[in-house]
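Residue numbers start at 1 and run along the sequence shown. All of these numbers come straight from a predicted model, not from anything done at the bench.
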Amino acid sequence: MKGYKGFDKDLKCRGFQYEIGKTYECDEKAELCKRGFHFCEDPKQIGAYYGGLSSCRYCEIEAGGEIIKEDRK
């Protein structure tokens with residue numbers, strides 16, 4: 001699944017250091033807003049999660065494995 005991920009200027013998110021072109025796996029069971037890697041399906045959603053958009057970096061990503069979606073009713 002294609003998605004969009006936001007980072008700080010150094011490609012860190014929640015203390016985790018990312019590198020462009022690398023693949024990452026979560027060793028724990030994913031839990032929405034608590035454990036696992038997170039991303040947005042729509043790039044327009046990123047602004048809702050990252051303040052100071054001008055100081056952030058964004059990448060298009062390919063997500064796989066267990067994907068838990070937020071119920072947006």
Please report, to 0.1 Å, the donor-acceptor pairs under 3.5 Å made by any side chain of residues 23-33, with sequence neighbours excluded.
{"from": "Y24", "atom 1": "OH", "to": "E19", "atom 2": "N", "distance (Å)": "2.8"}
{"from": "K29", "atom 1": "NZ", "to": "E66", "atom 2": "OE2", "distance (Å)": "3.4"}
{"from": "E31", "atom 1": "OE1", "to": "R35", "atom 2": "NH1", "distance (Å)": "3.4"}
{"from": "E31", "atom 1": "OE1", "to": "R35", "atom 2": "NH2", "distance (Å)": "2.9"}

What distance separates Y58 OH from C40 SG, expressed to the nearest 0.5 Å?
9.5 Å
Pairs flagged by salt bridge (charged side-chain N to carboxylate O under 4.0 Å, His left out) wherever residues 3-15 is involved - sequence neighbours left out:
none
Who pairs with F37 by ring pair (Phe, Tyr, Trp, His ring centres under 6.0 Å), at least two apart in sequence or on another chain?
F16, Y18
State the CD-CE distance between E41 and M1, to the nearest 0.5 angstrom.
4.0 Å
Measure the spacing between CG of L11 and SG of C59 and express it to the nearest 0.5 Å.
5.5 Å
On a heavy-atom basis, the closest approach of F39 and G3 is CD1-CA, 3.7 Å
Which atom pair, heavy atoms only, marks the closest approach of I20 to R57?
CD1-NH2, 4.1 Å
d(K44 NZ, Y4 OH) to nearest 0.5 Å is 10.5 Å
